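Presented below is the structure to which this report refers.
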2 protein chains.
Amino acid sequence: MGIHAECCDEQCIHKNLVDKVLAEQPDEDALYDLAELFKVFGDSTRVRILIALFEAELCVCDISEALGMTQSAVSHQLQILRTSKLVKSRREGKQVYYSLADDHVVTIMAQGLDHILE
Amino acid sequence: MGIHAECCDEQCIHKNLVDKVLAEQPDEDALYDLAELFKVFGDSTRVRILIALFEAELCVCDISEALGMTQSAVSHQLQILRTSKLVKSRREGKQVYYSLADDHVVTIMAQGLDHILE
DNA sequence: TTTACATATGAGCACTTGTTCATATGTTTG
DNA sequence: CAAACATATGAACAAGTGCTCATATGTAAA
């Protein structure tokens, strides 16, 4: 007996649809990576950082100031954003400047805003 | 002294940029809602459910079968997806059928896939 | 080199989250 | 009505996450 011993007898399952879903499903790694990507967008501090970077390239210190958060907290989040390739960084003297890595960030955020503003 | 007592003296802040960021920032509620929305996409079980629903409208039982997960786990996740208005449901006899709520889901997922496949 | 500043990072803790298990609700059939 | 089935939901627990604090690294000025 499988997981569904007490649910969903054979006659009620739409077997052909389930098979189609299983056939079309992206591979396990892609699914995992996709969820990991959205997880990065799923924190209000990181969202605020990304929106701040819509305006301009900013140094860590600027971002801390704009968000009213400690440099450490912001720096930790910036690393996560950088690991996911959502932002890129550039050192200029003592400062490190961050900016958006590509257009996907903007598109994804715009679609998200569209959705919540309905 | 504020939060930044030991960091980022006045001369190093790009005050005009910070002010611009503060002025253009969406209100607190929108930022929070946006992060909440992406948080929903940020779980591989929910991503798998959404991708399954790309193919067809499915009942809870079909989804459990396709994902190889218990009915309870799937049902909990479906409620989260429904609360965020990413899926909608329709009862037909004993079954409840779920489908994608609107096109934003597809667009957001497609952009996400684009990003990770680069 | 020493000092000061900007940023990065590791450890620890409080809080959140996904699953399981047990059970409740809703629907159809006998 | 009772029994069977599909789905929903509350509680509890393990695993993950974001912040703080302390400290390390990197860079420029004295």
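Note: hydrogens, waters and symmetry copies are ignored here, and every other heavy atom, side chains too, is used. Protein chains get the first letters and strands the later ones, always in sequence-line order, with residue 1 at the start of each. The shown structure was predicted, so the numbers you read here are calculated from the model rather than taken from an experiment.
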Quiz prompt | Side-chain N or O of B:T45 closer than 4.0 Å to phosphate OP1/OP2 of C:dG18 | solution =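 For B:T45, the contact criterion (side-chain N or O under 4.0 Å from OP1 or OP2 of C:dG18) is not met.
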
Quiz item: Is the shortest side-chain N/O distance from A:Y98 to OP1 or OP2 of C:dA8 below 4.0 Å?
Solution: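 For C:dA8, OP1 or OP2 has a side-chain N or O of A:Y98 closer than 4.0 Å.
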
Please determine whether residues [X] and [Y] belong to a single hydrophobic cluster, defined as Ile, Leu, Val, Met, Phe, Trp and Tyr linked transitively by side-chain heavy-atom distances below 4.5 Å.
X	Y	answer
A:M109	B:V106	yes
A:I51	B:Y32	no
B:F54	A:I108	yes

I'd like to check [X] versus [Y] (side-chain heavy atoms, cut-off strictly below 4.5 Å). Are they in contact?
X	Y	result
A:I80	A:D43	no
A:H115	B:D102	yes
A:L81	A:R46	yes

Practice problem: Look at the side chain of A:Q71 and the base of C:dA8, then say whether one donor and one acceptor between them are separated by less than 3.5 Å. | Solution: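 Side chain to base: pair found, below 3.5 Å.
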
Self-check item: Interface with DNA chain C, restricted to residues 31-41 of chain A and to heavy atoms under 4.0 Å
Solution: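 Nucleic-acid contacts, sorted: none.
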
Quiz item: Which residues, if any, of residues 72-88 of chain B bring a heavy atom under 4.0 Å of DNA chain C?
Solution: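 The answer is B:S72, B:A73, B:H76, B:Q77.
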
Write down the distance between [atom1] ([X]) and [atom2] ([N]), rounded to a whole number of angstrom.
X	N	atom1	atom2	result
A:M69	C:dA8	CE	P	15 Å
B:R48	C:dG18	CZ	P	15 Å
A:I49	C:dA8	CD1	C1'	14 Å

Quiz prompt | Heavy-atom protein contacts under 4.0 Å, nucleotides 25-30 of chain C, coded B base, S sugar-phosphate only, - none | solution = --BS--

Practice problem: Hey, can you tell me if B:F38 and A:F41 have their rings parallel, tilted or perpendicular (30° and 60° cut-offs)? | Solution: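 Plane angle between 30° and 60°, so tilted.
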
Using every non-hydrogen atom in the two residues, find where [X] and [Y] come nearest and quote the distance to one decimal.
X	Y	value
B:V47	A:L31	CG1-CD2, 3.8 Å
B:K88	B:A101	NZ-O, 4.0 Å
B:A73	B:M69	CB-CE, 3.9 Å

Exercise. Have a look at A:L50 and tell me which of A:V87, A:V40, A:T45 forms a side chain to side chain contact (heavy atoms under 4.5 Å, CB included) with it.
Key: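 The residue from A:V87, A:V40, A:T45 that satisfies side chain to side chain contact (heavy atoms under 4.5 Å, CB included) with A:L50 turns out to be A:V87.
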
